[in-house]
Amino acid sequence: MSKSRFSGVVQGPPDPILNLGVMFRADPHPKKVNLGIGAYRNAELKPEILQCVRKAEEFIYKHPETYTKEYLPLEGYVPFLKEAQKLIFGPDHVALKEGRVCSIQELSGSGSLLISADFMHRLLGINKIYIPNPTWGNHGALIGKALCETEKYTYLGADGLYIDFEGMKKDFLAMPDGSVILLHACAHNPSGVDLNEEQWRELLPIFKKKQHLPYFDCAYQGFATGDLDKDAMAMRLFADEGIEFIICQSLSKNMGLYGERCGAIHIHTVDKETADRVASQVKRIVRATHSVSPCHGAYIASVVLGTPELFELFKEEVKKMAGRLLDMRKKIYDALSKTAPEKNWDHVIYQRGMFSFTGLDSHQVKMLADEYHIYMVSSGRMALTGLNDGNIQYVADSIKAEEVKKMAGRLLDMRKKIYDALSKTAPEKNWDHVIYQRGMFSFTGLDSHQVKMLADEYHIYMVSSGRMALTGLNDGNIQYVADSIKAVLDKTAKK
Ligand code: LMR
């Protein structure tokens, strides 16, 4: 066989989110659960086409003279863009009336991110975009494709479960003036941890003072609270303050138009003249990237959003989807709290949207897939969409089993380490019993007098029988404990 021109092309890694679906489909196990991708599933775990979308499609098919298959203009389908703007800003926003917002249709949130980052790089000279830690796994890749590097800012605290708002503000203040900061408009992906209104308000003067450019990713409008208006709160606060910003809007999730690739870039500027100039450049980038955008999803969304009865139906259906996810969140929280009470699960109920950031580590996530056929993103992100009343207890039981293994693994690690430390620090005594024992405790062989000395002089507390709970050890205190035991042994040694 002749040598291929492509022989130097190495195998690329599978996508960390999309590949979970491939693994799930290939798994024949009857109890398998897909908690991977952020795509809505109903209580039967089936994808659903919204009724409002079905009705809009019927309308579209009946009006082929309006809804043609012609190329759309470069900015996209204008009736869709007008409706999409209203969804974000509210129908009567002054910025829309004054024409200060330019909107360009794009391939859902991802296309919007790519094109807007490219625009910022080419036209604003931006080379770096700040993204939250953590964030959606594809942000870095999309922004990187536009030749902008990314740098993470503090979002969650050291526990990886709750917001570190002070750290976030500190980072915003430390960035160079005029930085571009990516913000999740609502239902943060992957953590489900959002700022509250007061916190958003606190950010406004920081953005003004530092002249930072807010760069909103709005992929889950409706899924945080079940209310489309409430979920637009953060973006509307910035608009009301007259701050310029960019929004990448997706209708994949809230309208269920995943494969239609329907979305838009909205750029909120100071006046119509600026908005028009900006639009002219974004359109050039669209033309040089994929020429024009697809029409069908934009037709659907324009009909749904622009027809009062269908818009009402849409709002109800969003509420229903968000409601099912909230119900699943409560039920998995209850199940985990009952099944694995040794761990606090409050973060699960405190988060919002389509995901729960469980706090499971990547090893546990792998074990859940390998042993229990439960698939989730390696960060520990669980898509609540894959849960229903039939599998919640199975998921909770499996997580419990992994938590127990993790705890046992940590204790075994501590047992080995205290054994090594004691064997090295106090070799005059044989410590083999420590490694021979099992479970949560080690029976050290220290007598009650020695135990008392450890407490009085070294502030190390254990049961007077000499029983040491390994749970109190960590890498930071093991050597101190071994040194203290050695000192007590020396002091109490028979002369
Ligand atoms: C997700 O985060 O699961 C979704 O946004 C789907 C995707 O493309 O990653």
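Start at 1 and go down the list; that is how both ligands and their atoms are numbered. Since this is a predicted model, take the numbers as computed values, not measurements. These numbers come from the heavy atoms of this one structure, side chains and all, not from hydrogens, waters or symmetry mates.
Of all protein heavy atoms, the one lying nearest to atom 8 (O) of ligand 1 is Trp136 CZ2, 3.7 Å. Residue, atom and distance of the protein heavy atom nearest to atom 4 (C) of ligand 1 are Lys253 NZ, 3.1 Å.
Between Lys86 and Glu83 there is a salt bridge, since a side-chain N of the basic residue sits under 4.0 Å from a carboxylate O of the acidic one. The existence of a salt bridge linking Glu316 and Lys319 is excluded, since no basic side-chain nitrogen approaches an acidic carboxylate oxygen closer than 4.0 Å. Asp194 has a carboxylate O that lies under 4.0 Å from a charged side-chain N of Arg352, or vice versa, which qualifies the two as a salt bridge. Using a cut-off of 4.0 Å between Lys/Arg side-chain N and Asp/Glu carboxylate O, Glu58 and Lys62 are scored as not salt-bridged.
Paired with Tyr299 under the rule ring-ring contact (aromatic ring centres under 6.0 Å, His included), one option of Tyr77, Tyr61, Phe59, Phe80 passes, and it is Tyr77.
The shortest heavy-atom distance from Asn138 to ligand 1 is not under 4.0 Å. The closest approach between Tyr258 and ligand 1 stays at or above 4.0 Å for every heavy atom of the residue.
Only the side chain of Ile17 comes within contact range of ligand 1, with a heavy atom under 4.0 Å; no backbone atom does. Under 4.0 angstrom from ligand 1, the non-hydrogen atoms of Arg381 all belong to its side chain.
Residue Gly38 has at least one N or O atom closer than 3.5 Å to an N or O atom of ligand 1.
Aromatic ring pairs are classed by plane angle as parallel below 30°, tilted from 30° to 60° and perpendicular above 60°; the pair Trp345 and His347 is tilted.
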